[in-house]
Trainee: 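One structure follows; several queries about it will come next.
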Amino acid sequence: MAIRVVLIGQGLVATHFAVGVERIKKGELEPYGVPFAKYQMVYDIKDIEIVGSYDVDNEKVGKTVYEVAVKAVGDILPVPETLKSITVRRGIHLGSMEGLPFQVKGLEDELGSTKAAIERLVEEWKQLQPDVIIEVATTEPAKAFHDVKALEEAIEKDDRKRLSASHAYAYAAYLYAKETGKPVAFINVIPSPLARDDAIVKLFEEAGSLVLGDDGATGATPLTADLLEHLAERNRYVMSIAQFNIGGNTDFLALTVPERNKMKEETKSSIVKDILGYDAPHFIKPTGYLEPLGDKKFVSMHIWWKTFNALEDELVVNLRINDSPALAGLLVDLTRIGKALVERGEKGTAYPVNAFFMKDPGPRGARNMSRIRAYYQLLDYLREKGVIK
Ligand code: NAD
């Protein structure tokens, strides 16, 4: 049976996801970079069917995903023709692209209010019938509500300053699930607090649906988490951690806006205390935009620690990482897991999934752990739920 997927934000990550999935379906690509590909899951990668896409960039809305993909990655990848059948629709903006050099417009401006825009999305989703909705739009400043009434009031009053686009999308997904009785998995791989927002988790629980998040863990952060676990297990005392990322894609360009960078800083830093048990001094941030690096970002890391006999050791790691494909590979499993879990009656959020896949795992207050531990805990959980045979 197919897994029907709607993408929010037809940028580089969504494009690598769409291109990669279609290439795997054609049998021309091995699923490297898909964490659970070697296990037999109830849903195969070939079951994934992208049925809709949303963006707010006037350059993308109205074009097919094929056209967007040819422009973005056509020089390095073959773009499958099957993507010609999906046209990018207009989404909700709520200021998410403010201050960036793109011509944008939101559905709320076209229809006069955020509430009307949410209702429009729900109507469209009733036609598209998604099982999984993936939020992978530009990082935006967003604050949790924790209170359903406060969230609903912000929508009712069209409070565009308080409400983030990701909250509006998540609320639309909740309404869609509630009105159709068809549970949905909402996968949030951007830093907006959704799986860490009590209000959103509560609404999804009520609609028998699942919100997974927040902020996909792909590059240096999960590696740092595993290195810290290695040190913690040997009782080495970490003196400081420096980790920076410099990239040339539009995601890094967006992070040059201070409030956005702050969103990332928050989701990246929570690993230190959770894994070590103390807050070692650290500098962990996306540090800058350098256009010629493109999507292949440069990451550097320095950690030093006290070892036996009070001597000091240190490590330095340098990496060049293809940023967007790393997250796209995780999305393949998140999609299959999300669909299988909602079918098995899981609702609210699912910490074992978030702990492996996300930088800041929901629900609110949940701990970060090393990815190696999280991987095996998730494997046990998926077997127990019958998602992996
Ligand atoms: P991108 O800039 O290439 O794409 C983002 C897309 O979202 C753009 O097409 C933009 O027009 C669109 N958009 C912006 N606001 C929107 C809205 N309100 N509704 C619908 N569409 C909207 O960025 P990307 O590299 O694809 O990254 C996407 C997101 O994934 C970012 O938030 C990033 O922080 C997150 N993320 C990426 C990685 C990774 O690349 N490895 C890891 C973790 C998280």
Side-chain angles (χ1 to χ4, degrees), residues 12-13 33 35 139 189-191 193 213-307 312-327 329-330 354-361 366-375:
L12 262 191
V13 175
T139 299
V189 289
I190 76 170
D214 299 310
D215 199 9
T218 53
T221 313
L223 180 61
T224 306
D226 284 338
L227 290 171
L228 293 180
E229 173 75 16
H230 172 93
L231 296 171
E233 283 172 9
R234 284 153 189 83
N235 197 24
R236 291 170 182 158
Y237 184 78
V238 175
M239 318 275 281
S240 77
I241 305 155
Q243 181 210 292
F244 66 81
N245 286 260
I246 297 178
N249 57 27
T250 50
D251 185 29
F252 275 89
L253 176 65
L255 294 175
T256 55
V257 178
E259 304 100 71
R260 288 199 177 84
N261 206 309
K262 185 115 189 53
M263 294 296 298
K264 277 279 178 196
E265 202 181 317
E266 279 168 17
T267 61
K268 278 171 181 278
S269 290
S270 64
I271 53 168
V272 178
K273 190 153 187 239
D274 284 350
I275 294 171
L276 292 179
Y278 52 91
D279 205 11
H282 60 271
F283 179 101
I284 303 179
K285 311 182 186 190
T287 333
Y289 173 68
L290 184 61
E291 205 245 326
L293 290 184
D295 196 38
K296 201 165 178 182
K297 68 181 179 185
F298 169 53
V299 177
S300 195
M301 196 191 302
H302 172 255
I303 305 177
W304 60 307
W305 60 88
K306 269 199 200 313
T307 186
E312 286 168 12
D313 296 337
E314 52 196 302
L315 71 77
V316 175
V317 178
N318 285 327
L319 305 155
R320 282 291 301 282
I321 300 178
N322 282 292
D323 202 19
S324 311
L327 182 54
L330 302 191
N354 301 336
F356 175 69
F357 285 104
M358 306 293 174
K359 284 197 195 90
D360 216 337
R367 271 171 67 97
N368 236 308
M369 68 171 106
S370 76
R371 300 308 131 151
I372 293 176
R373 287 178 58 178
Y375 184 87

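All values below were derived from every heavy atom in this structure, side-chain atoms included, with hydrogens, water molecules and symmetry-related copies excluded. As the structure is a computational prediction, the values presented were derived from the model and not from experiment.
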Trainee: Under 3.5 Å, is there a donor-acceptor pair between the side chain of Tyr278 and the main chain of Tyr237?
Mentor: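 No.
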Trainee: Could you tell me which residues satisfy side chain to side chain contact (heavy atoms under 4.5 Å, CB included) with Asn235, sequence neighbours excluded, listed by chain and number?
Mentor: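 None.
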Trainee: Any side-chain to backbone donor/acceptor pair from Asp226 onto Ile372? Under 3.5 Å, distance only.
Mentor: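 Such a contact is found between Asp226 side chain and Ile372 backbone.
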Trainee: What residues form a ring-ring contact (aromatic ring centres under 6.0 Å, His included) with Tyr375, not counting sequence neighbours?
Mentor: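 Scan of Tyr375 (ring-ring contact (aromatic ring centres under 6.0 Å, His included), adjacent residues dropped) gives Phe36, Phe356.
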Trainee: Where is the tightest heavy-atom contact between Ala355 and Ala374, given as atom of each residue plus distance?
Mentor: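 Minimum heavy-atom separation between Ala355 and Ala374: O-CB, 3.6 Å.
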Trainee: Determine, step by step, whether Leu319 and Leu223 satisfy the side chain to side chain contact (heavy atoms under 4.5 Å, CB included) criterion, reporting the C-alpha distance in whole Å, the side-chain angles of both residues, the deciding distance to 0.1 Å, and the verdict.
Mentor: CA-CA 11 Å; Leu319 305 155; Leu223 180 61; 3.9 Å; yes
Trainee: Please walk me through it: do Lys296 and Asn322 pass side chain to side chain donor-acceptor pair (under 3.5 Å)?
Mentor: CA-CA 4 Å; Lys296 201 165 178 182; Asn322 282 292; 5.3 Å; no
Trainee: Between Leu330 and Pro35, is any pair of side-chain heavy atoms under 4.5 Å apart?
Mentor: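 Counting from C-beta outward, Leu330 and Pro35 do come under 4.5 Å.
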Trainee: Search all heavy atoms of Leu293 against all heavy atoms of Gly248 and return the closest pair with its distance.
Mentor: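 Between these two residues, the closest heavy atoms are CB-N, 4.1 Å.
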Trainee: Output all residues satisfying side-chain hydrogen bond (donor to acceptor under 3.5 Å, both in side chains) with Asp295, sequence neighbours left out; order by chain, then residue number.
Mentor: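 Partners of Asp295 under the side-chain hydrogen bond (donor to acceptor under 3.5 Å, both in side chains) test: Asn249, Ser324.
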Trainee: Are Ile284 and Gln243 close enough that some pair of their side-chain heavy atoms sits under 4.5 Å apart?
Mentor: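 Side chain of Ile284 against side chain of Gln243, heavy atoms only: contact under 4.5 Å found.
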Trainee: Please answer whether the main-chain N or O of Thr221 pairs with a side-chain N or O of Arg371 as donor and acceptor at a distance below 3.5 Å.
Mentor: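 No, because the side chain of Arg371 does not come within donor-acceptor range (under 3.5 Å) of the backbone of Thr221.
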Trainee: Search all heavy atoms of Ala366 against all heavy atoms of Pro361 and return the closest pair with its distance.
Mentor: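 Looking at all heavy atoms of both residues, the shortest contact is CB-O, 3.6 Å.
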Trainee: Shortest non-hydrogen contact from Asn368 to Lys359?
Mentor: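 The answer is ND2-O, 2.7 Å.
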Trainee: Does Thr307 have any side chain to side chain contact (heavy atoms under 4.5 Å, CB included) partners at least two apart in sequence or in another chain, and if so, which?
Mentor: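 Testing Thr307 for side chain to side chain contact (heavy atoms under 4.5 Å, CB included), a comparison that skips the adjacent residues, returns Arg236, Trp305, Leu311, Asp313.
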Trainee: Can you give each donor-acceptor pair under 3.5 Å made by side-chain atoms of residues 227-234, sequence neighbours left out, with the distance rounded to 0.1 Å?
Mentor:
from	atom 1	to	atom 2	distance (Å)
His230	ND1	Arg234	NH1	3.4
Arg234	NH1	His230	O	2.9

Trainee: Using 0.5 Å steps for rounding, measure from the CG atom of Leu315 to the CD1 atom of Ile303.
Mentor: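 CD1 of Ile303 is found 4.5 Å from CG of Leu315.
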Trainee: Any side-chain to backbone donor/acceptor pair from Thr287 onto Lys285? Under 3.5 Å, distance only.
Mentor: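 A pair under 3.5 Å: yes.
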Trainee: Return the minimal non-hydrogen interatomic distance between Ala225 and Ile275, and the atom names on each side.
Mentor: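 Closest heavy-atom pair between Ala225 and Ile275: CB-CD1, 3.6 Å.
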Trainee: Flag the pair Thr250 / Leu12 as yes when at least one side-chain heavy-atom distance between them is below 4.5 Å, and no otherwise.
Mentor: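 They are not in side-chain contact.
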Trainee: Take Phe252 and Asn245, measure what side chain to side chain contact (heavy atoms under 4.5 Å, CB included) needs, and give me the verdict at the end.
Mentor: CA-CA 9 Å; Phe252 275 89; Asn245 286 260; 3.8 Å; yes
Trainee: Checking side chain to side chain contact (heavy atoms under 4.5 Å, CB included) for the pair Asn318/Val299: CA distance, chi angles, key distance, verdict?
Mentor: CA-CA 6 Å; Asn318 285 327; Val299 177; over 6 Å; no
Trainee: Given side chains that start at C-beta, do those of Met301 and Val316 come closer than 4.5 Å, heavy atoms only?
Mentor: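 Counting from C-beta outward, Met301 and Val316 never come under 4.5 Å.
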Trainee: Using side chain to side chain contact (heavy atoms under 4.5 Å, CB included), reason through Leu255 and Thr139 one step at a time and then give a plain yes or no.
Mentor: CA-CA 7 Å; Leu255 294 175; Thr139 299; 4.1 Å; yes
Trainee: With side chains defined as the heavy atoms from C-beta onward, is the minimum distance between Ile271 and Thr224 less than 4.5 Å?
Mentor: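 A side-chain contact exists here, since the closest heavy-atom pair is under 4.5 Å.
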Trainee: Kindly compute the distance separating CZ (Phe298) from CG (Leu290), expressed to the nearest 0.5 Å.
Mentor: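 Those atoms lie 10.5 Å apart.
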Trainee: Considering non-hydrogen atoms only, spot the tightest contact between Gly216 and Leu327 and give its length.
Mentor: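 Closest heavy-atom pair between Gly216 and Leu327: CA-CD1, 3.9 Å.
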Trainee: What distance do Arg320 atom CZ and Ser300 atom OG have between them, rounded to the nearest 0.5 Å?
Mentor: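 Here the interatomic distance stands at 12.5 Å.
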Trainee: Which residues pass the side-chain hydrogen bond (donor to acceptor under 3.5 Å, both in side chains) test with Asn354, not counting sequence neighbours?
Mentor: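 Expected list: Thr349.
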Trainee: Salt-bridged, Lys297 to Asp323, with N to O below 4.0 Å?
Mentor: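 Yes, charged N to carboxylate O under 4.0 Å.
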